[in-house]
Number of protein chains: 2
Amino acid sequence: MSPMTSAHSSPLTDRPQLGLRERKKIKTRTAIRDATYALIKEQGYDATTIEQIAERAEVSPSTVFRYFPTKEDIVLTDEYDPILLEELRKRPADEPWMESLRYVMRLAISAGLAEGPEVVRLRSHLLVQVPAVRSRMLESMSVTGRMLAEAVAERNGLDRDSLEARVYTMSLIGGLAEISLYWAENDFKDDLHDLLDRTLDVIEHGLPGKNA
Amino acid sequence: MSPMTSAHSSPLTDRPQLGLRERKKIKTRTAIRDATYALIKEQGYDATTIEQIAERAEVSPSTVFRYFPTKEDIVLTDEYDPILLEELRKRPADEPWMESLRYVMRLAISAGLAEGPEVVRLRSHLLVQVPAVRSRMLESMSVTGRMLAEAVAERNGLDRDSLEARVYTMSLIGGLAEISLYWAENDFKDDLHDLLDRTLDVIEHGLPGKNA
DNA sequence: CGTGAAATGAGAGTAACTCTCAAAATCTAG
DNA sequence: CTAGATTTTGAGAGTTACTCTCATTTCACG
């Protein structure tokens, strides 16, 4: 049932060995998520209720809510954020900022694709179609952005909460968010790494041929 | 009850004279909004229900939902967006892009403040405190961003739906959104025009002392 | 085992939204 | 000014995401 268990190790997919209870929790979590994806594929997002999800995942509705605060979270939670932040901080301090960023974002793309292409597509599709999901994603990205802002400030010797660091970061986040949307709207035919490069280029140098 | 009726005219507050029906609709709309603001000030956002709002505005709950699709929308709808877009398009084509942008954003700030400082503050406060409101705002800004992207593309001779225009625009939107949040989090003590200038500076030139 | 802690299930409750249909207000012709 | 068409409103029932509480089960660990 689980999409794919790659043989090689990666900083984003490795887990330390856990106790038995923890492992069961993870199992439940993915069971809920798998059930959700399956149901959405069959009926669409809105038509899928928590009750149905609970039933198919063989848990009670209460449990579903214990694992995910909202329905949207079932679809899009990526628990990578802290790991990515970590990776970013581990980059050498003399590496050009944009390169560090590119490296980490590539990591994120790979991690996403490793979950299986169908899942990524379904998710991006929902991002475009369902406002609540898109909304929740923006919100979650802005939380990530807040942490990222601290890393950015740290690296550039700015104040932790400076407007400048926050604006820069959110502008980054906003730009990056468009990648998923653009990709999904254009039927996933572009290569994500290409889109990333083009995006970072715009962020670094502005629009091609700007400033009339 | 209505906050303030300025004597001088402005492109964002003027309305053509409307039929009687239309005028009543506007009255209902602002009645609902005023009731909402008052109740939130008394009880907070979450404790305020649609039923209470309807009661105080002297309409039925059904009517509230007819005027505003969600509770969050009652708080933050700004109907300025199309007008701002219009203003932006009217700027001379040879004006540097950043200056056009600055001009329009200044207009937006003035229009916002013209509603009355308490309203603006309450709104920004909610933006920080209530996730659902913040979320809805990001969503609505991203819709605006979409339209803005077309204007940007047009002005810079890019394709209507080019990734570049969209990334640039959303990055802009993301940065601008931070202004409200930063302002509210720092107890409204900064001058909004200053924050705008600093923000546009970051967007145009990147972080001060960047690129290690 | 058996004891304490953590996870689950069951159920009741709230409130935001949706839909439908009938009553009321408003516009438009004659 | 009135009659009829149209638009706006209210009333009410229904759905569903989400919250809270409490009893029961499951698991860890000595």
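Note that this is a predicted model, so its numbers are computed, not measured. By convention in this document, chain letters (A, B, ...) are assigned in the order of the sequence lines, proteins followed by strands, and residues within each chain are numbered from 1.
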Calculate, to the nearest 0.5 Å, the distance between atoms CZ and NZ belonging to B:Phe65 and B:Lys71 respectively.
9.5 Å
What is the distance, to the nearest angstrom, from the CG atom on B:Asp73 to the P atom on C:dC17?
9 Å
Once you round it to whole Å, what is the distance between P of D:dT19 and CZ of A:Phe65?
7 Å
Students often get this wrong, so: under 4.0 angstrom with heavy atoms, is B:Phe68 touching a base, only sugar-phosphate, or nothing?
nothing
Is a side-chain donor-acceptor pair under 3.5 Å present for B:Arg155 with B:Ser100?
yes
Drop me the distance from A:Glu139's CD to A:Thr144's OG1, to the nearest 0.5 angstrom.
10.0 Å
Just N and O in the side chain of A:Tyr67: are any of them under 4.0 Å from OP1 or OP2 of C:dT8?
yes
note: B:Glu51, atom CD; D:dA13, atom C1'; distance rounded to Å ~ 14 Å
Between C:dT14 (P) and B:Gln52 (CD): distance, integer Å
14 Å
Length of the line joining A:Ile53:CD1 and C:dG9:P, which is rounded to integer Å
15 Å
Using 30° and 60° as the class boundaries, would you call the ring planes of A:Phe188 and A:Trp183 parallel, tilted or perpendicular?
perpendicular
Looking at C:dG9, C:dA16, D:dT19, which one has an atom nearest to any side-chain atom of A:Thr63?
C:dG9
Protein-nucleotides 19-25 of chain C N/O pairs under 3.5 Å:
none

N/O donor-acceptor pair under 3.5 Å between B:Arg33 side chain and B:Ile74 backbone
yes
Against the side chain of B:Glu72, the closest entry in C:dC17, D:dT8, D:dT19 is C:dC17
Check whether NZ of the Lys or CZ of the Arg A:Arg166 lies under 6.0 Å from the centre of the six-membered ring of B:Tyr182 and within 45 degrees of that ring's axis.
no
Within the 4.0 Å heavy-atom criterion, would you say B:Pro69 contacts the bases, only the backbone, or no part of the nucleic acid?
sugar-phosphate
Measure NZ/B:Lys71 against P/C:dT18 and give the value in whole Å, please.
15 Å
Atom pair distance, as rounded to whole Å: CD in B:Glu55 and P in D:dA11:
12 Å
Looking at every non-hydrogen atom in both residues, tell me the closest pair between A:Arg56 and A:Ala38 and how far apart they are.
NH1-CB, 3.9 Å
From CD1 of B:Ile50 over to P of D:dG10, roughly how many Å is that when rounded to an integer?
14 Å
Using a cut-off of less than 4.0 Å, is there contact between a side-chain N or O of B:Lys25 and OP1 or OP2 of D:dT8?
yes
